[in-house]
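Here is the structure we will look at.
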Amino acid sequence: MPALNELEKAYSALGKDRDFKREIDLLLKTYVGRPTPLYFAKRLSDYLGGARIYLKREDLAHTGAHKINNALGQALLAKKMGKKRLIAETGAGQHGVATATGAALCGLECEIYMGSDDIVRQSLNVFRMRLLGANVVEVAIGSRTLKDAINEAMRDWTTNVRSTHYVLGTVFGPHPFPLIVRDFQSVIGREAKKQVLDAEGRLPDYLIACIGGGSNAMGLFHHFIDDEEVKMIGVEAGGKGIVPGEHAARFAGGSLGVLQGTKSFLLQDDDGNILGTHSVSAGLDYAAVGPEHAFLRDSGRARYTFATDDEALRAFELLSKTEGIIPALESSHALAEAVKLVPVLPKDNVVIVNLSGRGDKDVQQVARIKGIEL
Amino acid sequence: MSRIGKKFRDIVKRGGKAFIPYIMAGDPDLGRTAELVRILEDCGADIIELGVPFSDPLADGPTIQKAAQRALSGGVTLHKVIDLVADLRKRSEIPLLLMTYYNPIFKYGEERFVHDASEAGVDGIIVPDLPPEEAGNILSFSRKSDFDIIFLVAPTSTEDRIGRVSKSSRGFIYYVSITGITGSKLSMDSSISSHVSKIRSMSGKPVAVGFGISTPEEASEVARFADGVIVGSAIVKRASDPDASLRDYLLSLRKAIA
Ligand SMILES: Cc1ncc(COP(=O)(O)O)c(C=O)c1O
């Protein structure tokens, strides 16, 4: 609690600090490469034969995913708070890479917690983190994925709170994390809104994003929440189907609970223990979802659905072949929903899919799944 | 007054200090837990903390994490631990606390939990992931019975925070000796004792110290300034040792906490 109070205070002070904002904006432009393009995916739109699909190209951001928007912001925040060391959890490894990058940029020590299952399936990113000077700590307890990495990072933070800032990677965890992460990610929707107005002269009909903890989705949705004509769809990981332990679709198979300092939808058993999860994508393989998504679902402002492993893998290949863009397996879940939805929409509808990351990290795993030796 | 309140009153009267051991309920099965409770009583425990296994024990180190996994794989749940306490109450009046995380209570239903647990003879709870500002409901249900909710104070807690915890905590206040998780290495320095006296004078409640205490020497050192000494991981580690050596260890702790 004291650490959270300290963070909340520092963040609200810096939020008003013009220089801090200018520093971040400059780095977003010159280091991250923002604004990321909003790309009209003509061949994919033609192929699906319905609405016009735009891709928000977070895959083109430095380090290859939206995670850098938040990690860089928090790294600068930590530096201003006088912290010497950053820690983070990672599932797909993108947030770990982004945090290691932020640490390198700010001259801070860095330690990344990662489940042993994820270390195997995202080995490329493990090596990237090490190249960036971070120490990757294997978490071999529990489900050996993202949830357990968060547990270990929180244990580290409790132990080293005086020297260390915990860079939480998604809109989850205790307040003020969901707020901070949403703020840093909302650059996605702010840009997309301007870009779609430039390109189409109007707001989109649909926003689609995948949901692990929900940061890329919150980042895209936030600036559109008051535009009621814009429909928002969050896509969770349906894994092998909605059977306990075989998926990570919290809204399809979960219930209200409290985990890691957050009250939200959880995959849990009748005794309140957290269930195992499965997804082909490490970044969505998590038993809980950000609390603001639970709120948006309850209020009916956003709709939540899921895509299975197979649907995501098909979308992964489809985008690669039609557009020459290899998407992250996480983002492929959002694409899979577009594949289902777009053909039944009128041709003049506009859909923005958040392409939260690029798929280089997943190439080896997809080859393995297809039984191809590299 | 709760059993815990009475126990501390008696201990203070005779000028002693409370020995508060922790064990994981259901590690490796509930039968062993019942035996261990008897052994702990025999060896002079004043209050016993029963850990409730949870899938994601954020405040615990590897020893207790593994104990929880063993208990969970044996199918032990919060319901079963409450039933165990009802059973123990047929023969024992020792104060019993549950140490559990919040989600199992939330899922059980806070009101029903407080009702069932106190009915069974549970005297109170320690919930490391429940700060007083989020505990309004459970505090109000617990006031209807003699059910103590014990909150934690950390070395990093500000005066403000100590004040808040002091007001809400009932039974005693749990001072966490280190910034860290259970089973970490204790580093004894003078700040622990000054924190404890400050908390005691601010709250007027007994202060027990836990996390990282494992040897009789450490226990004796802590007992010099604290009202109670909590030993967890070190006992959990020895829970499957032969009873004779476990008893020797527990008796050495008991002797040290005077
Ligand atoms: C490319 C990519 N997209 C999405 C996610 C899911 O996270 P979130 O829901 O917070 O955006 C991850 C997480 O690792 C990711 O790497």
Side-chain angles (χ1 to χ4, degrees), chain A residues 1-9 89 113 115 139-164 166 173-175 245 254-277 286-288, chain B residues 52-62 65-66 68-69 71-73 75-81 100-110 113 127-134 151-162 164-165 176 178-185 211-212:
Chain A
M1 275 312 286
L4 294 170
N5 294 340
E6 179 194 351
L7 178 60
E8 186 178 8
K9 225 156 123 197
E89 82 292 346
Y113 290 92
V139 179
I141 195 147
S143 62
R144 298 187 296 274
T145 54
L146 185 55
K147 162 176 82 74
D148 310 278
I150 295 181
N151 286 342
E152 275 304 295
M154 286 189 166
R155 290 182 185 117
D156 180 318
W157 199 33
T158 349
T159 307
N160 301 301
V161 0
R162 292 186 180 93
S163 66
T164 300
Y166 175 23
H175 178 74
S255 55
L256 206 56
V258 177
L259 178 67
Q260 293 163 337
T262 310
K263 185 175 182 185
S264 187
F265 268 70
L266 296 183
L267 294 169
Q268 57 183 329
D269 66 17
D270 293 341
D271 298 297
N273 286 299
I274 311 308
L275 289 171
T277 51
Y286 179 51
Chain B
V52 177
F54 179 54
S55 55
D56 295 81
L58 263 180
D60 288 303
Q65 286 176 41
K66 284 183 200 134
Q69 285 203 335
L72 285 174
S73 56
V76 175
T77 62
L78 180 56
H79 282 92
K80 289 186 184 170
V81 177
T100 174
Y101 288 83
Y102 182 62
N103 198 49
I105 295 179
F106 179 79
K107 190 77 183 166
Y108 197 111
E110 289 175 304
F113 166 75
V127 189
D129 61 346
L130 183 68
E133 32 292 66
E134 304 290 341
F151 291 99
L152 289 79
V153 176
T156 45
S157 295
T158 55
E159 200 147 307
D160 231 28
R161 181 119 213 107
I162 296 173
R164 190 186 273 270
V165 170
V176 177
I178 43 173
T179 58
I181 52 179
T182 57
S184 308
K185 214 179 145 27
F211 279 42

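Here is how names work: the chains are called A, B, and so on, in the same order as the sequence lines, proteins then strands, and each is numbered from 1. All heavy atoms count here, side chains included; hydrogens, waters and symmetry mates do not. Note that the structure is predicted; figures quoted are calculated from it, not measured.
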Given heavy-atom pairs under 4.5 angstrom as the criterion, report whether the side chain, backbone, both or neither of [X] touches chain A.
X	value
B:E134	neither
B:L72	side chain
B:F54	both

Out of [options], return the one with the most heavy atom pairs under 4.5 angstrom to chain B.
options	value
A:E6, A:M154, A:R162	A:R162
A:N160, A:N5, A:L256	A:L256
A:N273, A:T158, A:V161	A:N273
A:D270, A:D156, A:D148	A:D270

Mind checking the [atom1]-[atom2] spacing from [X] to [Y]? Nearest 0.5 Å is all I need.
X	Y	atom1	atom2	value
A:D269	B:T77	CG	OG1	9.0 Å
B:D60	A:R155	CG	CZ	7.0 Å
B:L58	A:L259	CG	CG	7.0 Å

Contact winner vs chain A - B:P155, B:A68, B:P62, B:P57, heavy-atom pairs under 4.5 Å: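 Of the options given, most contacts go to B:P57.
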Evaluate side chain to side chain contact (heavy atoms under 4.5 Å, CB included) for B:Q69 paired with A:I141, printing each intermediate quantity in order. CA-CA 9 Å; B:Q69 285 203 335; A:I141 195 147; 3.6 Å; yes
Heavy-atom check, side chain of [X] versus side chain of [Y], under 4.5 Å:
X	Y	value
A:S255	B:K107	yes
A:I274	B:N103	yes
B:P104	A:Q268	no

Over all atoms of both residues, closest heavy-atom pair of A:P2 and B:S157: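 So the two residues come closest at CG-CA, 3.8 Å.
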Nearest heavy-atom neighbours spanning A:K147 and B:D56: NZ-OD2, 2.7 Å
Using atom types as modelled and distance alone, determine if a side-chain donor or acceptor of B:T179 lies under 3.5 Å from a backbone N or O of A:T159.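 Present.
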